[in-house]
Amino acid sequence: GNAIKPYYGAKAGKQLTSLLRSHILIAADVLDAAKKGDVDALSSAQQRWSANADDIARFLTNANPRNWPLSMTRTMMRKHLKLTTDEAVARLQGNWSADIAAYDAVHREILQMADMLSSGIVKQFPQKF
């Protein structure tokens with residue numbers, strides 16, 4: 001959240017921090033339910049995680065609609081959840097080669113997300129660069 005404060009202000013930075021904190025905490029709930037084999041808790045946590053991803057996508061689009069359209073941010077966030085889930089499943093199953101491949105996919109995707117976000121900020125605020 002602090003990274004966006006120079007561009008979108010303190011209030012937006014605090015809101016993004018809250019969304020991202022929830023994202024991580026819900027991910028922990030997803031993993032905990034999966035480890036326990038609690039299907040109902042897993043389903044609930046996955047629904048909350050998807051809703052949070054949609055909230056993050058909407059937040060980003062509202063901040064920079066021209067460079068981060070909702071279709072783009074929503075697709076990005078859903079891909080992130082899928083790849084992260086693939087990695088978690090491989091790890092929980094002890095499938096180490098799949099875990100490594102999934103980690104690499106998540107890593108590439110995170111770099112793509114960073115590029116999309118940073119280029120969007122540069123395009124929106126060219127005078128700051």
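- Under a 3.5 Å cut-off, the side chain of Asn2 and the backbone N or O of Gly13 do not form any donor-acceptor pair.
- Rounded to the nearest 0.5 angstrom, Met76 CE and Gln112 CD are separated by 11.0 Å.
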- Take Met72 and Met116 through the test side-chain contact (heavy atoms from CB on, under 4.5 Å) and record every step on the way to the result. CA-CA 10 Å; Met72 179 193 296; Met116 184 200 83; 3.1 Å; yes

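- Both Ile121 and Ile110 sit in one connected hydrophobic cluster of ILVMFWY residues. Membership requires side-chain heavy atoms under 4.5 Å apart, directly or through other members.
- Residue Lys5 qualifies as enclosed at atom NZ: its count of foreign heavy atoms under 6.0 Å is above 12.
- Placement of Trp68 and Phe129 within a single hydrophobic cluster is found when ILVMFWY residues are connected by side-chain heavy-atom separations under 4.5 Å, directly or transitively.
- Considering CG of Leu60 and CG of Leu19, their distance stands at 8.5 Å, rounded to 0.5 Å.
- For an aromatic pair to be called close, the ring centres must be under 6.0 Å apart, and Phe59 with Tyr8 fails this.
- Without hydrogens or angle criteria, Lys128 side chain to Pro6 main chain gives a donor-acceptor distance under 3.5 Å.
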- Item | Intermediate values then yes/no, side-chain contact (heavy atoms from CB on, under 4.5 Å), Val89 and Leu92 | CA-CA 5 Å; Val89 167; Leu92 291 172; 5.9 Å; no

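- Closest of all the heavy-atom pairs between Ala63 and Pro65 is C-CD, 3.7 Å.
- In this structure, the separation between CG on Leu20 and CG on Asn52 is 8.0 Å, given to the nearest 0.5 Å.
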- Start with the C-alpha gap between Met77 and Met113, add the side-chain angles, then the distance that decides, and say whether side-chain contact (heavy atoms from CB on, under 4.5 Å) holds. CA-CA 9 Å; Met77 290 304 300; Met113 288 173 72; 4.0 Å; yes

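- For the atom pair CG (Leu117) and OG1 (Thr73), the distance works out to 9.5 Å, reported to the nearest 0.5 Å.
- Thr85 places a side-chain N or O within 3.5 Å of a backbone atom of Leu81 that can act as its donor or acceptor partner.
- Remark: side-chain polar atoms of Gln15 are not paired, donor with acceptor, to backbone N or O of Gly1 under 3.5 angstrom.
- Side chain of Ser50 to backbone of Gln47: no donor-acceptor contact under 3.5 angstrom is found.
- Side chain of Trp96 to main chain of Arg91: no donor-acceptor pair is present (N/O by atom type, distance under 3.5 Å, no hydrogens or angles).
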- Task: Kindly indicate, with the supporting measurements, whether the criterion side-chain contact (heavy atoms from CB on, under 4.5 Å) is fulfilled by His107 and Glu87.
- Result: CA-CA 11 Å; His107 183 83; Glu87 182 184 8; over 6 Å; no

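- With hydrogens and angles ignored, the 3.5 Å screen pairs a side-chain donor or acceptor of Ser118 with a backbone N or O of Asp115.
- Taking the side chain as every heavy atom from C-beta outward, His80 and Glu109 approach each other to under 4.5 Å.
- With respect to the salt-bridge test (charged N to carboxylate O, under 4.0 angstrom), the residues Lys36 and Asp32 qualify.
- Linking ILVMFWY side-chain heavy atoms closer than 4.5 Å, directly or via other members, places Leu42 and Ile26 in a single hydrophobic cluster.
- Connection of Tyr7 to Leu16 is established within a shared hydrophobic cluster, with ILVMFWY side chains joined at heavy-atom distances below 4.5 Å, either directly or through further cluster members.
- Considering Thr61, Asn62, Asn67 as possible partners of Asn64, the one that fulfils the side chain to side chain donor-acceptor pair (under 3.5 Å) test is Asn67.
- With rounding to the nearest 0.5 Å, the separation of CG in Asp99 from CG in Asp104 is 9.5 Å.
- Residues Leu83 and Trp49 do not share a hydrophobic cluster, defined by chaining ILVMFWY side chains whose heavy atoms lie under 4.5 Å apart.
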